[in-house]
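One structure is given below, encoded as structure tokens.
Position 1 is the first residue of the sequence; numbering continues from there. Just so it is clear, the structure is predicted and the values come from calculations on it, not from any experiment. Heavy-atom basis, side chains included; hydrogens, waters and symmetry copies ignored.
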Amino acid sequence: MKNKDFRNSIGCSLVILLLGVLIICSPILKVTNIEFLYRIFLGVYGIIQLGQFLILYKKKDYTNFFAFAISFGLLIASFMWDLTESPKTLAFSLLVWIAVIALVKLKKADYYHDRKSKVWCMEVFYLCTFLVSGILTCLNFAYQTDTQILLLGFFIFISGILETGEAFILYLTKGKLK
């Protein structure tokens, strides 16, 4: 990974971290509309993934485009149907998003495995951590709106940390750890 790509990737990961912090702080700021925050999360995450795809397009890495398509597809679905009408539908829609993003991350791990790079082990570790944190988030969405917002914020924060770690690993190893 080049220095420019690394800076862009870290910048995007830090935006996701900042989004998580803002969502965690939103009940303090009296923003308790979970539907609005969920849509903001999907939109910002999708835009960040599209930006990373456009930056890394020359490397033929389509995983960020798939994440963008999934996020915007669910964002559009949230406008057509009320995905936050009950905690169960919100948890289910987030679980579907997590499952499909996990498949995208698995494809990225397979990419490194096919190139005989040991980076795939770290990608699988990040994938498992992402899945566990996402499933635990979805299982605990049956509480009040403030708790749902905090859980969503912490999940986004953890996702940002994982993406930052992934960017550092790819930069330090240049994707070629043998």
Side-chain angles (χ1 to χ4, degrees), residues 6-56 63-105 108 125-169:
F6 173 69
R7 285 192 308 266
N8 291 332
S9 185
I10 289 295
C12 292
S13 299
L14 292 177
V15 170
I16 293 173
L17 273 168
L18 181 63
L19 178 65
V21 170
L22 288 175
I23 290 179
I24 290 170
C25 294
S26 65
I28 296 170
L29 303 171
K30 305 294 185 214
V31 179
T32 58
N33 186 351
I34 188 72
E35 182 177 10
F36 172 73
L37 294 172
Y38 185 62
R39 287 177 179 165
I40 289 290
F41 159 64
L42 290 174
V44 169
Y45 191 86
I47 289 170
I48 288 171
Q49 295 302 319
L50 179 63
Q52 285 184 335
F53 168 71
L54 294 175
I55 290 167
L56 301 174
T63 56
N64 292 328
F65 179 75
F66 295 144
F68 157 75
I70 293 158
S71 297
F72 264 79
L74 195 57
L75 179 64
I76 291 169
S78 76
F79 283 108
M80 292 193 306
W81 302 288
D82 187 16
L83 297 178
T84 59
E85 68 185 43
S86 72
K88 288 181 183 179
T89 56
L90 177 63
F92 181 71
S93 67
L94 185 63
L95 190 61
V96 167
W97 182 84
I98 289 166
V100 178
I101 293 292
L103 290 174
V104 169
K105 289 181 181 286
K108 192 169 191 175
F125 170 75
Y126 288 134
L127 166 69
C128 292
T129 307
F130 177 78
L131 273 174
V132 168
S133 65
I135 290 171
L136 289 175
T137 299
C138 291
L139 287 176
N140 291 307
F141 258 23
Y143 297 106
Q144 296 175 347
T145 305
D146 289 347
T147 307
Q148 291 174 346
I149 292 170
L150 289 175
L151 287 170
L152 183 64
F154 281 119
F155 172 69
I156 296 168
F157 185 75
I158 290 169
S159 297
I161 289 172
L162 292 175
E163 292 210 14
T164 304
E166 180 180 349
F168 272 109
I169 291 294

Minimum heavy-atom distance between [X] and [Y], given as atom pair plus value:
X: Ser159; Y: Phe130; result: OG-CE1, 3.6 Å
X: Ser71; Y: Gly46; result: CB-CA, 3.8 Å
X: Arg39; Y: Ser78; result: NH2-O, 2.5 Å
X: Ile149; Y: Ile34; result: CG1-CD1, 3.6 Å
X: Gly43; Y: Leu75; result: CA-CD2, 4.0 Å

request  = For Ser26, check side-chain hydrogen bond (donor to acceptor under 3.5 Å, both in side chains) against everything at least two apart and list the hits.
outcome  =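 None.
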Quick check for you: to the nearest 0.5 Å, what is the distance between [X] atom [atom1] and [Y] atom [atom2]?
X: Leu127; Y: Lys108; atom1: CG; atom2: NZ; value: 12.0 Å
X: Leu136; Y: Ile158; atom1: CG; atom2: CD1; value: 9.0 Å
X: Leu131; Y: Tyr126; atom1: CG; atom2: OH; value: 15.0 Å
X: Leu150; Y: Cys25; atom1: CG; atom2: SG; value: 9.5 Å
X: Ile48; Y: Phe68; atom1: CD1; atom2: CZ; value: 12.5 Å
X: Gln52; Y: Thr63; atom1: CD; atom2: OG1; value: 8.5 Å

request  = Report yes if some heavy atom in the side chain of Phe66 is under 4.5 Å from a heavy atom in the side chain of Ile101; otherwise report no.
outcome  =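 In short, these two side chains do not touch, never coming nearer than 4.5 Å.
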request  = Report yes if some heavy atom in the side chain of Ile98 is under 4.5 Å from a heavy atom in the side chain of Phe155; otherwise report no.
outcome  =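 Ile98 vs Phe155: side chains touch.
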request  = Show your working on side-chain contact (heavy atoms from CB on, under 4.5 Å) between Thr89 and Trp81 and close with a plain yes or no.
outcome  = CA-CA 10 Å; Thr89 56; Trp81 302 288; over 6 Å; no
query = Would Tyr38 and Leu74 count as a side-chain contact (heavy atoms from CB on, under 4.5 Å) if you check the C-alpha gap in whole Å, the side-chain angles of each, and the deciding distance to 0.1 Å?
reply = CA-CA 10 Å; Tyr38 185 62; Leu74 195 57; 3.3 Å; yes
query = Would you find more than 12 non-hydrogen atoms of other residues, nucleotides or ligands less than 6.0 Å from Phe154 atom CZ?
reply =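 No, not enclosed.
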Exercise answer: donor-acceptor pairs, residues 10-22 side-chain atoms, under 3.5 Å, sequence neighbours excluded:
| unit_1 | atom_1 | unit_2 | atom_2 | d |
| --- | --- | --- | --- | --- |
| Ser13 | OG | Ser9 | O | 2.9 |

query = Run the side-chain contact (heavy atoms from CB on, under 4.5 Å) check on Leu90 and Leu152 step by step: do they pass?
reply = CA-CA 11 Å; Leu90 177 63; Leu152 183 64; over 6 Å; no
task = Indicate, with yes or no, if the rings of Trp97 and Phe41 have centres closer together than 6.0 Å.
result =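 So the answer is yes for these two rings.
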Side-chain donor or acceptor of Tyr45 paired with backbone N/O of Ile156 under 3.5 Å =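 Between the backbone of Ile156 and the side chain of Tyr45 there is no qualifying donor-acceptor contact (under 3.5 Å).
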ask   = Taking Leu151 as the fixed residue, which of Ile24, Leu139, Thr137 is the one that meets the side-chain contact (heavy atoms from CB on, under 4.5 Å) rule?
value =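 When side-chain contact (heavy atoms from CB on, under 4.5 Å) is applied between Leu151 and each of Ile24, Leu139, Thr137, only Thr137 qualifies.
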